[in-house]
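Within every chain, numbering begins at 1; the chains are lettered A, B, ... in the order of the sequence lines, protein sequences first and strands thereafter. Keep in mind that the numbers below use all heavy atoms, side chains included, and drop hydrogens, waters and symmetry copies.
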Amino acid sequence: EGIGIKKIGLAVPNLQADFFNQIKLGVEGYAGKLGIEVIVVDAKNDTATQVSQVQDLITQGIDAFIYIPAGAAAAAVPTRLARAEGIPVINVDREPEGEPGDTVIYGENVLSAYQVCDHIIGLADGKGKMVVIHGQKGTTPEVQRFEGCKMAIDENPGVELVAQQWSQQWSPDEGFQIAQNMLQANPDINIIFGQADGLAMGAAKAVEVAGLADQVIIGGYDGDGAALESLVACDTPFIVTATQSTQAMGVLAVNSAIAVANDASVPARQIPNAVLTTCENAAKFVEKHP
Amino acid sequence: MTAEESTPLLSLRNVRKSFGPIEVLHGIDLDIKAGEVVALLGENGAGKSTVSNIISGTILPSSGEMKWQGAVFAPASPREAIDAGVGMIHQELLLLPHLSIAENLFVGRYPKKAGVVDRKTMEQRAHAGLQRLGLDISPRRLVQGLSTANQQLIEIAKALTLNARLLILDEPTAALGGDETIKLFEQIERLKQDGVGIIYISHRLEEIKQIADRIVVMRDGSKVQEFENADVPVRTIVEAMVGRSLERMFPPIPSPQDRTVLEVRDLSSGLGSFTGINFDVARGEILGIAGLVGAGRTELARAIVGVDPVSKGQVLLDGKDISPRKPRDAIRNGIVLVPEDRKQQGLVLPHSIAENFAYANMNQVARKGWVTRKRARAFADGGILKFGVKGQSHQNADELSGGNQQKVVIAKWLARNPRVVVLDEPTRGIDVGARSSIYDIIVGLAREGVSVIVISSDLEEVLGVSNRVMVMAQGKLSGILNRGEANDVSVMELATM
Amino acid sequence: MTTSTESEAKPKYSDLFSLSGATGPLIGLLVLCAFLSFATDSFLSFRNFLNIADQITVLGIMAVGMTFVILIGGIDLSVGSILALSMMVLGYLNVEAGLPMSVAITGALLSAALAGAVSGLLITEFKVPAFIATLAMMSIARGLANMITNGSQIIGFPTWFNLGAIIRHFGFLTVTVAVMLVVFAVAMLFLRFREEGRSLYAIGGNPEVARLAGINVRLTTVMVYVVCAVLSGLAGILLAARLDSVQPSSGVAYELDAIAAVVIGGTSLSGGTGGVVGTIIGVLIIGVLRNGLNLLSVSPFLQAVIIGLVIVLAVAAETFKHRGSR
Amino acid sequence: MTTSTESEAKPKYSDLFSLSGATGPLIGLLVLCAFLSFATDSFLSFRNFLNIADQITVLGIMAVGMTFVILIGGIDLSVGSILALSMMVLGYLNVEAGLPMSVAITGALLSAALAGAVSGLLITEFKVPAFIATLAMMSIARGLANMITNGSQIIGFPTWFNLGAIIRHFGFLTVTVAVMLVVFAVAMLFLRFREEGRSLYAIGGNPEVARLAGINVRLTTVMVYVVCAVLSGLAGILLAARLDSVQPSSGVAYELDAIAAVVIGGTSLSGGTGGVVGTIIGVLIIGVLRNGLNLLSVSPFLQAVIIGLVIVLAVAAETFKHRGSR
Ligand SMILES: Nc1ncnc2c1ncn2[C@@H]1O[C@H](COP(=O)(O)OP(=O)(O)OP(=O)(O)O)[C@@H](O)[C@H]1O
Ligand SMILES: Nc1ncnc2c1ncn2[C@@H]1O[C@H](COP(=O)(O)OP(=O)(O)OP(=O)(O)O)[C@@H](O)[C@H]1O
Ligand SMILES: [Mg+2]
Ligand SMILES: [Mg+2]
């Protein structure tokens with residue numbers, strides 16, 4: 001009554017990534033409370049699959065479309081397809097060039113990455129050898145998180161960026177392997193920034209295997225469930241992350257969809273901040289994810 | 001005779017077998033006693049291999065019953081038959097090319113010591129088995145690359161080392177020469193003494209008298225006659241097999257024309273199996289090539305038609321150097337090879353007869369490069385009719401009996417109307433009736449002016465159809481005999497040079 | 001014994017659509033469609049069928065090339081990467097280098113052909129098993145596709161290009177779907193009735209017999225890999241039209257879909273039997289299944305399980321059919 | 001004529017390490033190591049070799065199972081997904097259900113075994129081609145792994161579990177690496193000297209011949225898929241120990257690495273030839289290559305190209321060797 005929509009289509013790039021899975025849970029949970037049906041499709045990181053899935057969503061008569069573009073790049077076609085049917089489009093995480101939706105909701109990357117790196121560099125007294133383990137090369141978060149971190153590095157002339165390497169899937173396994181090899185090449189590394197918590201936690205294990213747990217400080221990003229639990233325990237070199245407000249993004253997306261459907265105005269960009277999370281404040285996020 | 005002795009080792013009662021809707025065995029009764037050799041004879045497709053396969057648990061009968069020493073016997077798998085004491089060597093060579101000879105002999109029943117395979121014992125026993133057949137090869141050698149005859153001997157050695165109570169030999173001598181056959185017979189005698197029952201299948205009827213105690217003749221899936229004594233004239237056996245009398249085996253051989261068609265000049269194998277071969281074949285001539293197993297005849301044939309590489313020398317056609325580098329060079333010049341191994345080189349087994357004809361005759365089957373199934377079938381039907389193949393053009397090649405497959409291979413190549421035909425062991429596994437019709441075909445080709453080369457390990461065959469006989473020994477040409485001078489003795493003399 | 005008297009050279013209808021080995025899957029497809037028609041309101045509609053046709057274009061074209069490869073007893077794991085490479089070459093030549101679309105398309109297809117030729121030569125001349133040669137090519141082509149723009153996408157194609165995937169001529173036929181239908185038809189005729197098509201069967205059945213029969217097995221093999229790669233390149237161009245952009249991450253794991261479609265359609269992985277009609281059925285099964293599961297709002301994780309089950313059932317059905325007829 | 005007089009019944013050294021078909025790759029490995037020793041300071045060190053040993057554990061164990069499968073002429077695409085399934089079962093049983101680790105490990109291995117048995121039965125009883133049966137299982141097992149926690153990871157294993165992957169006993173041997181070495185040794189002995197091991201070669205060489213020789217081909221085939229799955233499950237448990245966490249996205253595309261390692265090591269995809277020694281070399285080539293490229297800080301896109309090239313070279317080298325010896 002008064003909500004104006006009954007069915008929301010949610011296109012997710014890849015549910016294997018905790019970040020997207022969290023958004024999905026956020027959307028489902030909140031929409032469920034409002035009595036809105038949510039249809040989720042998972043593109044498994046493939047743009048073409050996502051276009052097909054969006055066609056199928058529209059066939060099912062959705063009233064609003066929450067679009068998280070898949071792949072390293074965002075395709076404009078899903079937005080066009082929905083637009084052609086007059087369906088509101090809410091972009092989350094990124095938006096296609098030249099074909100913006102009714103609003104876009106994304107986590108702030110640059111500033112939060114700066115904060116994480118600033119924090120770990122500070123703990124290392126602003127000097128030492130640092131490495132960065134990147135996410136999938138060319139993706140927006142990969143580029144922006146490095147941009148933010150680079151700012152912190154440049155502010156500290158005592159810090160030398162001795163190596164950087166890219167992972168394919170942002171996974172702990174890759175984080176482990178890459179960190180292990182980096183430590184081999186540079187045994188005196190003392191600062192590691194992993195662009196996702198999976199990478200950071202994998203790197204933490206590699207540091208422990210190398211017996212360098214006392215020497216190295218690791219920062220991550222995202223605030224995954226497992227990462228937050230690990231911070232609460234606080235027994236590894238991984239000690240800081242930026243917790244993205246994923247559940248909040250889900251709620252925001254549903255609310256925006258309702259607003260657009262009812263012709264209310266929504267801001268073109270909505271950027272919930274990521275919260276710098278350390279061993280001290282992790283417990284409250286485990287309690288309730290932002 | 002005690003009661004125990006009279007109980008047959010194995011008895012079959014009213015055994016039937018159908019493949020799909022077609023029944024190929026119509027109620028076979030058969031008894032085999034310990035220590036006797038029963039020859040199982042019949043035309044191609046009569047059902048000999050099918051009976052053997054049922055006894056050895058390779059395939060299941062559709063109905064009927066078998067008794068093993070008086071007890072019900074219904075092997076559901078080869079393992080059960082082997083465990084009961086039935087050993088079989090199959091008509092088709094079934095070896096594992098990537099394993100050593102010793103492993104091939106003992107696969108499925110390795111000698112073991114403390115739970116692990118006892119290679120030493122295995123190799124010693126393999127060595128002994130090979131020696132008994134006069135095969136001087138290391139049991140550690142891989143089977144890959146052995147000649148067909150040697151592979152056949154290894155199959156036989158495998159059967160002999162089985163310690164079976166009943167041994168089925170399905171055309172063991174099809175690829176063998178005289179010496180090897182004699183060695184095999186010695187071993188069969190030895191097994192007989194040990195009380196082993198043997199079913200012996202062969203199309204070489206001359207052998208039967210030497211080795212068999214009893215003869216069972218099959219025709220079209222039924223048992224038609226039994227001879228309690230093997231000492232019957234070949235003619236009588238043939239009549240029982242084919243249901244009519246066979247006038248003669250070899251037709252009169254025409255004289256060749258004067259014009260030389262094919263010349264082979266100083267040809268040496270790129271694989272090292274023969275060197276410096278010189279000979280020529282005239283228009284309408286039939287040249288036989290004889291030699292002991294491994295003499296290099298097959299390699300020579302393959303080299304002539306460009307299948308195998310040549311290190312030196314030429315092949316000339318009508319005086320022109322055409323030395324083929326690949327099979328299609330030879331085919332384009334009208335030289336075709338009917339290969340020794342029909343399963344590996346002759347036919348695409350899972351495809352229809354019509355397709356198999358088409359592959360070798362695209363130029364005739366296709367019109368402007370377009371082929372229809374109907375045209376392919378019609379084309380194949382011609383060959384089937386001409387060669388009396390028991391089968392239809394839409395049937396897959398692997399549904400035919402061995403002999404009929406051989407006929408298809410010959411027929412598909414002759415359909416090209418070649419100028420030179422090289423036949424490598426053309427009658428391997430072919431029944432007497434069909435064999436004489438193949439000789440008729442060979443001679444018919446010669447009459448039409450085709451030059452024919454016939455390679456065979458069957459000396460009688462080489463002598464019977466050739467204008468001249470070329471003899472090879474250890475990769476060298478040891479002599480060429482005219483029809484008048486060629487006989488058992490003169491050929492063997494050259495072959496063992 | 002039947003010896004037909006009236007034999008024409010022209011292709012016969014029944015021949016063309018022969019279902020050798022694919023009746024099981026065809027029944028599977030029909031059951032699937034019947035089920036989806038009952039279970040959802042939205043499946044059985046003209047609009048949805050057009051969507052499905054759209055959605056299978058890329059897979060359909062790739063699967064045709066894969067059919068050729070599998071028929072000769074080979075396999076090609078590089079099709080997904082070659083698709084991406086051809087897309088990136090297209091984008092680079094047209095958008096970055098500013099060349100006309102015709103040149104860009106030619107360049108994209110040529111780059112795909114080159115990749116296919118390299119795989120083919122590795123297989124025939126260096127005796128590298130097809131699985132490994134194309135696995136390596138999969139890695140190499142993906143790396144090259146990424147290197148063209150250092151991992152980023154390219155947008156900015158001419159407007160008509162995207163319209164080819166959108167405008168439905170006569171109310172139903174987009175250019176991309178039309179291209180797929182043409183590829184299907186040509187491949188069907190080629191395999192059934194052309195001399196060269198038949199020789200693929202011979203090679204797959206037994207390459208040694210084919211060689212002895214005078215077929216140029218090596219050249220044919222290389223050509224088959226080239227054709228398969230070019231079809232993947234073509235599929236890439238159609239995908240670019242559909243997405244109106246190109247990105248180097250396209251086509252990951254498409255090779256598995258393509259192989260699955262071919263094998264579901266009854267073409268044997270050991271070569272020598274099968275054909276395009278079966279492959280089309282296989283492509284449709286995969287396409288309809290994906291579409292239907294989305295329409296049924298099945299959760300993505302459960303979808304993976306169901307897709308696996310249906311693939312197995314479709315192939316096992318063929319076995320049951322054979323058992324029945326024994 | 002050579003009849004060796006001095007042949008003992010005991011396993012012979014040379015037998016065990018026989019390199020049939022893998023000398024080309026061995027040379028490749030040595031060249032690679034030599035190159036990396038010169039090109040980087042850090043490659044040639046005891047520490048780095050320990051790292052490489054760590055890094056190849058998972059692939060090494062999976063590749064052993066894959067060797068068995070490929071030896072009998074099969075293929076298993078599901079190993080990566082089964083690894084993930086076994087990990088998630090482990091995490092669920094231990095962390096979520098609070099069962100002791102021994103029970104959780106048994107449960108994880110059993111779930112893997114079950115998945116392998118299903119694939120094996122589909123292949124032997126329903127005549128589904130191995131490629132398709134395991135492709136379907138790949139999809140099914142991945143879906144199930146995800147469904148256990150709805151896609152999230154699980155952490156919170158007992159401390160000793162992770163330590164098994166960290167503490168280097170005697171200064172070099174972690175429990176995980178030790179497990180891998182035991183698997184290698186057992187597999188080597190089994191394939192070379194056990195009757196069952198030799199039968200795998202017979203089945204791969206020609207299943208019909210094996211059947212006629214009295215080998216239970218069906219049972220053996222099912223067992224091989226079970227063993228391969230259990231080894232993947234074991235690899236999953238070691239990976240869980242190493243990462244001290246489990247996630248359903250683990251092991252994506254690992255099957256391709258495993259197959260590549262086996263084939264690089266000289267085991268033929270058509271079955272019947274090869275062995276574990278070659279596979280170990282193949283695993284080392286892939287492991288050293290990845291390690292070296294990272295030490296050299298090569299960009300990931302270029303890495304893909306280089307890995308593809310090295311795989312092809314390693315396999316083609318074997319052909320060159322044969323040509324030379326002709
Ligand atoms: N798998 C099969 N499917 C259909 N028909 C078959 C099959 N195997 C054999 N046949 C048919 O059964 C009949 C008997 O064949 P079989 O192989 O027993 O003959 P054979 O007496 O051994 O002949 P040959 O002397 O040529 O070896 C033949 O007509 C053959 O076509
Ligand atoms: N593919 C091969 N690779 C290696 N050696 C081979 C191969 N084929 C045959 N040989 C060897 O070449 C020699 C000649 O064999 P070939 O088959 O030509 O002899 P043949 O006179 O035709 O005898 P057969 O009666 O066995 O056919 C033999 O020693 C054989 O072992
Ligand atoms: Mg027979
Ligand atoms: Mg020969």
Side-chain angles (χ1 to χ4, degrees), chain C residues 70 73 75 77-78 81 118-119 122 125-133 135-148 150-151 248 252-253 256-257 259-260 263-264 268-270 299-320 322-323, chain D residues 70 73 75 77-78 81 118-119 122 125-133 135-148 150-151 248 252-253 256-257 259-260 263-264 268-270 299-320 322-323:
Chain C
I70 292 181
I75 195 142
L77 300 178
S78 64
S81 295
V118 170
S119 297
L122 284 171
E125 302 306 313
F126 296 93
K127 308 274 174 281
V128 179
F131 196 98
I132 292 299
L135 180 68
M137 184 49 72
M138 162 175 154
S139 188
I140 294 171
R142 178 72 60 191
L144 292 176
N146 269 307
M147 282 162 77
I148 290 177
N150 213 356
V252 171
L256 294 182
D257 276 358
I259 296 169
V263 181
I264 291 174
S268 151
L269 276 169
S270 46
S299 104
F301 298 146
L302 190 55
Q303 281 202 14
V305 176
I306 295 178
I307 289 176
L309 288 176
V310 172
I311 288 179
V312 158
L313 284 180
V315 177
E318 190 62 24
T319 313
F320 280 118
H322 279 290
R323 269 200 203 156
Chain D
I70 293 181
I75 194 140
L77 300 178
S78 65
S81 295
V118 170
S119 297
L122 284 172
E125 302 306 313
F126 297 93
K127 309 277 174 279
V128 179
F131 197 97
I132 292 298
L135 181 66
M137 183 49 72
M138 163 174 155
S139 186
I140 294 171
R142 178 72 59 190
L144 293 176
N146 270 306
M147 283 162 75
I148 291 177
N150 213 353
V252 171
L256 293 182
D257 275 0
I259 295 169
V263 181
I264 290 174
S268 151
L269 277 170
S270 45
S299 105
F301 302 148
L302 191 55
Q303 281 202 15
V305 175
I306 295 177
I307 290 176
L309 288 176
V310 172
I311 289 179
V312 157
L313 284 179
V315 177
E318 192 63 24
T319 313
F320 280 120
H322 279 289
R323 269 201 204 156

Practice task
Look at D:Ile132, D:Ile75, D:Leu77 and state which one has the largest set of heavy-atom pairs under 4.5 Å with chain C.
Solution key: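 Maximum pair count with chain C is reached by D:Ile132.
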Completion exercise
chain C shares the most heavy-atom pairs under 4.5 Å, among D:Ile259, D:Ile140, D:Leu144, with D:Ile140
Name the atoms and distances for all side-chain donor-acceptor pairs under 3.5 Å in residues 301-312 of chain D, with sequence neighbours left out.
residue  : atom : partner  : partner atom : Å
D:Gln303 : NE2  : D:Asn294 : OD1          : 3.0
D:Gln303 : NE2  : D:Val298 : O            : 3.3

Problem - Interchain contact, D:Leu269 with chain C, by part (heavy-atom threshold 4.5 Å) - result: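 Side chain only.
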Handout entry: Proximal component of D:Met137, with respect to chain C [non-hydrogen, under 4.5 Å]
Key = neither
Exercise for the section: Using side-chain hydrogen bond (donor to acceptor under 3.5 Å, both in side chains) as the criterion, list what pairs up with C:Asn146, not counting sequence neighbours. Expected result: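 For C:Asn146, no residue satisfies side-chain hydrogen bond (donor to acceptor under 3.5 Å, both in side chains) once neighbours in sequence are set aside.
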Practice task
May I ask you to test the C:Val263-D:Phe131 pair for a side-chain heavy-atom distance under 4.5 Å?
Solution key: no
Handout entry: Test side-chain contact (heavy atoms from CB on, under 4.5 Å) applied to C:Leu313 and D:Phe126, step by step
Key = CA-CA 10 Å; C:Leu313 284 180; D:Phe126 297 93; over 6 Å; no
Handout entry: Sole residue of C:Leu135, C:Val128, C:Leu122 in side chain to side chain contact (heavy atoms under 4.5 Å, CB included) with D:Val315
Key =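 That would be C:Val128.
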